[in-house]
Amino acid sequence: MTRKTVLMYRALPEAQKARIRQAHELIEADPRQPGQREVFFAALPKVHGLIGSSMRIEPSLLDQAPKLQVISSISAGVDVYPHDALQARGIILCHTPGVLTETVADLLFGMMLATSRRIVEMDALVRSGRWLGNIGPALFGHDVHGKTLGIVGYGRIGQALARRAALGFGMPVLYFRRTPADSGLPEGLAQAVPLHELLHRSDFVVLVLPLTEQTRGLMDADAFARMKPGAILINGARGPIVQEQALLDALDHGHLRAAGLDVYAIEPLPLDSPLRGHPRVLTLPHMGSATHETRDAMAEMAVSNLLQVLRGQPPLAAWPPLAGG
Ligand code: DGY
């Protein structure tokens, strides 16, 4: 097989780089790092495969890569790619769903516990030497077990979260998704409802839906007003699904109890963002899938996807899924 050229724009484990090098030339350049922009753009005219993540790819970049056959994203989410332009050029986009499901669900559950039981805040209390006696009601949290969980976007991760909640914590689960799906749970443990009903009834609203033109700004002032007083919002999906100012207003007016965020409109979160340091907002650095095990599995799957396409074979996961895939 002829050796092709692959451009890697996010670090991969050595073992995965070796798999690429065995069959192809590998150029490593992340244009977001100082001094690597020139290398990245100079390589584009000869590359057949791109592998990386978390970087917006514009159609103008594709114009500079006339030989490109595949972009292999080391992510499940595919919102940073120009889908129409890729399809028009016959470039296959691959991603890594499935291998991160349980890991992301673990973190989302952790965020529910952390916000409701005020875990980070209480840790800060002890660290700063302000724990001077039995804590009183002003510092109490709220139970998680038995509360109602509303999951917006009921794909693999939503269902993994539902299992934890319903089977482990005795929580009634409500879910909303556009296309009907099996609840994945024994009869009666999870109920599909319209979004407005989910917002109205849930103690926790967890977002795990993809960012699309339809979901951008979904959580606006109106949506927050529909939420139950004292409810908690968790966003493990994509930042732009939430209108951040509307969220801050809902928190500051006391309508929402807390928010747990792993994603933001702008990442990394700007230093002057009012979300940073807000007493009732848990801010995590987009780390849903960030465990050694899962990031290794994602890297392995992304490299397999890339190699398969360059070999003329269907990848493990393409977006949109290939016909018959
Ligand atoms: C994903 O896989 O989509 C994660 O959010 C990392 O981008």
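When a residue number appears, it is its place in the shown sequence, counting from 1. Just so you know, ligand 1 is whichever comes first in the structure, and atom 1 is the first atom listed for that ligand.
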Please work out which of S289, A76, S53 has its closest non-hydrogen atom nearest to atom 2 (O) of ligand 1.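 Looking at heavy atoms only, the winner is A76.
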Side chain or backbone, does [X] bring an N or O within less than 3.5 Å of an N or O on ligand 1?
X: H286; answer: yes
X: S75; answer: no
X: G77; answer: yes

Would you say L322 and L93 are hydrophobically clustered, going by side-chain heavy atoms of ILVMFWY under 4.5 Å?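 Cluster IDs for L322 and L93 differ.
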Which of these, L307, L7, N305, I74, sits in a side chain to side chain contact (heavy atoms under 4.5 Å, CB included) with I51?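 The residue from L307, L7, N305, I74 that satisfies side chain to side chain contact (heavy atoms under 4.5 Å, CB included) with I51 turns out to be I74.
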With R238, the side chain to side chain contact (heavy atoms under 4.5 Å, CB included) member among L207, V80, L211: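 So the option named by the test is L211.
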Which one holds for M287 and ligand 1: side chain close, backbone close, both close, or neither close, with close meaning a heavy atom under 4.0 Å?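 For M287, there is no contact with ligand 1 at all, from either part.
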Check each heavy atom of L100 against ligand 1 and say whether those closer than 4.0 Å belong to the side chain, the backbone, both or neither.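 Side chain only.
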How many angstroms lie between CD1 in I27 and CD1 in I20, if you round to the nearest 0.5 Å?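 Here the interatomic distance stands at 11.5 Å.
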Any I71 side-chain heavy atom under 4.5 Å of L68 side chain: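 The answer is yes, as the side chains (C-beta and beyond) meet within the 4.5 Å cut-off.
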Any atoms of ligand 1 less than 4.0 Å from a non-hydrogen atom of M298? List them with their elements.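 Near M298, the atoms of ligand 1 are 2 (O).
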Parallel under 30°, tilted from 30 to 60°, perpendicular over 60°: which one fits the rings of Y9 and F40?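 If you compare the ring of Y9 with that of F40, the planes turn out perpendicular.
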Could you check whether any heavy atom of R238 sits closer than 4.0 Å to an atom of ligand 1, since that is the contact criterion I want to use?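 Yes; R238 lies near enough to ligand 1 that a heavy-atom distance drops under 4.0 Å.
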